[in-house]
Amino acid sequence: MHIVFVASECAPFVKTGGLADVIGELPREIAKHGHQVTVYVPYYRQVQSHVKEKKIAIPSITIPFAYYNRFVTVVDGGKRDGVQYYFIDCPELFDREEPYGPQTGEYTDNWERFGLFCRAVLEASKQLGVPDLFHAHDWQAAMLSVYLRTVYYFDSALRNAGTVLTIHNAGYQGWFPPATTENLLLPWDIFTVDKLEFYNTFNFLKGGIVYSDALTAVSPTYAKEIQTPEFGNGMEDSLQKRAADLYGILNGVDYAKWNPETDGKIAAHFSPKDLSGKAECRRDLLHAFGAPHVGEDTAVLGILSRFVTQKGFDLTAQIVERLTFENIFLVVLGTGEAYYENLFKSLHDRFSHKMSVRVTYDETLAHKVEAGSDIYLMPSRYEPCGLNQIYSLKYGTVPVVRATGGLVDTVEEWNPETRTGTGFKFYGYEADDYLKTVQHALAVFHDKDAWHTLMRNGMAQDFSWTKPAEEYIKVYEEVARRRN
Ligand code: ADP
Ligand code: GLC
């Protein structure tokens, strides 16, 4: 089969979160199975810096809008590990400071940026190769299925192509004014509640949910959760209608990048057989965070995240003061909403003897946090999959998580009797539950024998892409079978 991935992020070219990791890794894994795989991403400023010599695949594609045309160039990003990359270049829309918008919000023309992106991928693929299936990711790529089944309906070159939409985060949907319908040259009859309309807004994600042949969510638990009002963010009814075509497939991770035995970004290597290098990684992490002297019996707690409401930072803020009475040191690495950046900076000012905060995006530091912490905190309000807790497991960094979404599917509660389990979970979104769970983890931390077993249990887990890739291929085959 030929599969075309359509996404707004892809590591190493452009990354704001886990979507980039997935698009950087899953296509390669699918290609290993002998499939032809192509990835399309917008030619953002961040992507440009990875392209040494700009090679043009298509000099000009016309993308019509109501009163003007835009013109897109397709850049050939070359082939790496069996995957062909193309970038959709439209400088006035993509050559900007950020992929989605300034820290204060979203670019107001995101409807046009991502509407154009989807239409350009359809047009480009007619020249560069129509796939058996388009695999679109999140709201930014969701309009591809809408275009394909409406204004491109009679296009015999495209009509047999199937579509899969993967939902990485139903909290982001792409809501725009109703006039977006005609601004994107789409027929008004799609602006109804059973199609794209959502409380008088034009909703990109909803369009993808209604018009794609199959849907996936990035963990089995999240696939169920988004069919409920608590997690569906208004998409629950549309998703329930598509329940028969909605699959939960847990993300994989790339152990070539995230492995304490080989990681080039950390101070020392370690393995389940020989954990001794972890102490050096801990020292190095504390040094990088300018921490005061921290004794060996102090538990280092790590946080590494986009600073957004989803991640449960309000809960963390509520327990920090009480945590300072414990034998801990907290390191925090992240960037995002100004509110959380300021919150962590002010907590740091108050409790600098017990915590250190770095407000920056830094991949080397990210690896140091994973390798050097004893405990990883992830009290997410919701979490479609989550990758950092999976990375933590591999580094013997024991996760304390809220039992939601992918955190349910990847962390198993420690059981002192059977000595099984990989971490600690709490259920309600309550600061007291969270604190108690961290205190429970700290108690186990001081029982070194139990703790080493717990670390090794986590390090033995296998969340590589092998199984998820096979599950995606089954979905592709099912869609292809139905379309024929
Ligand atoms: P989300 O996609 O919701 O942000 P994930 O856990 O799926 O959450 O993925 C987050 C990805 O972004 C991980 O690869 C993580 O290491 C990376 N990341 C997040 N914040 C930073 C940061 N400040 N510096 C470096 N990497 C970061
Ligand atoms: C989203 C989710 C995160 C998931 C990532 C990759 O950003 O917030 O939970 O791991 O996508 O699928």
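As the structure lists them, so they are numbered: ligands from 1, and atoms in each ligand from 1.
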Mode of H168 contact toward ligand 1 - side chain, backbone, both, neither (heavy atoms, under 4.0 Å): neither

F313/F344 aromatic ring centres below 6.0 Å: yes

Residue, atom name and distance, where the atom is the protein heavy atom closest to atom 6 (O) of ligand 1: L387 N, 2.8 Å

Identity and separation of the nearest protein heavy atom to atom 23 (N) of ligand 1: T360 O, 2.9 Å

Ligand 1 atoms in contact with A366 (distance to a heavy atom under 4.0 Å): 25 (C), 26 (N)

Does ligand 2 have any N/O atom under 3.5 Å from a protein N/O, and what are those pairs and their distances?
from: ligand 2; atom 1: 8 (O); to: N169; atom 2: ND2; distance (Å): 3.3
from: ligand 2; atom 1: 8 (O); to: Q310; atom 2: NE2; distance (Å): 3.0
from: ligand 2; atom 1: 9 (O); to: E383; atom 2: OE2; distance (Å): 2.5
from: ligand 2; atom 1: 9 (O); to: C385; atom 2: N; distance (Å): 3.0
from: ligand 2; atom 1: 9 (O); to: G386; atom 2: N; distance (Å): 2.9
from: ligand 2; atom 1: 10 (O); to: G386; atom 2: N; distance (Å): 2.8
from: ligand 2; atom 1: 12 (O); to: H168; atom 2: ND1; distance (Å): 2.6
from: ligand 2; atom 1: 12 (O); to: N251; atom 2: ND2; distance (Å): 2.8

Residue and atom name of the nearest protein heavy atom (relative to atom 2 (O) of ligand 1), distance in Å to one decimal: G18 N, 2.6 Å

Within reach of ligand 1, part of N388 (heavy-atom separation under 4.0 Å): both

Nearest neighbour in protein (non-hydrogen) for atom 20 (N) of ligand 1: S305 C, 3.5 Å

Parallel, tilted or perpendicular, as decided by the 30° and 60° cut-offs, for the rings of F424 and W451: parallel

N169, portion touching ligand 1 at heavy-atom distance under 4.0 Å: neither

Side-chain ion pair, E470 and K467, N-O less than 4.0 Å: no

Which residue and heavy atom of the protein sit nearest atom 27 (C) of ligand 1, plus the separation: Y361 CE1, 3.4 Å

Contacts of type ring pair (Phe, Tyr, Trp, His ring centres under 6.0 Å), residue H367, not counting sequence neighbours: W258

Test item: side-chain donor near acceptor, H135 and T166, under 3.5 Å: yes

R96 to Y107 six-membered ring, cation-pi geometry met (6.0 Å, 45°): yes

Test item: K195 and Y211 side chains (from C-beta on) under 4.5 Å apart, heavy atoms: yes

NZ/NE/NH1/NH2 to OD/OE distance under 4.0 Å, E25 and R28: no

Atoms in ligand 1 flagged as close to D21, the criterion being non-hydrogen separation under 4.0 Å: 14 (O)

Whether F202 and F204 hold their rings parallel, tilted or perpendicular, with breakpoints at 30° and 60°: perpendicular

R358 and D362, any side-chain heavy atoms less than 4.5 Å apart: no

K311 with E383: basic N within carboxylate O range, under 4.0 Å: yes

Residue part near ligand 1, for A20, under 4.0 Å between non-hydrogen atoms: neither

salt_bridge(E98, R45) N-O dist < 4.0 Å: no

Electrostatic pair R482:D213 at N-O distance under 4.0 angstrom: no

Protein residue, atom and distance nearest to atom 8 (O) of ligand 1, heavy-atom basis: K311 NZ, 3.2 Å

Which residue and heavy atom of the protein sit nearest atom 24 (N) of ligand 1, plus the separation: D362 N, 3.0 Å

Where ligand 1 meets G386 - atom numbers and elements under 4.0 angstrom, heavy-atom basis: 6 (O), 7 (O)

Within-shell test, V22 vs ligand 1, heavy atom, strictly < 4.0 Å: no

Mode of K15 contact toward ligand 1 - side chain, backbone, both, neither (heavy atoms, under 4.0 Å): side chain

Which of the ligand 1 atoms, numbered from 1, are nearer than 4.0 Å to a heavy atom of G17: 2 (O), 4 (O), 11 (C), 12 (O)

Within 45° cone of Y395 ring axis and under 6.0 Å: K278 NZ or CZ: no

Nearest-contact summary for atom 4 (O) of ligand 1 - protein heavy atom, Å: R306 NE, 2.5 Å

Parallel, tilted or perpendicular, as decided by the 30° and 60° cut-offs, for the rings of F94 and Y44: perpendicular

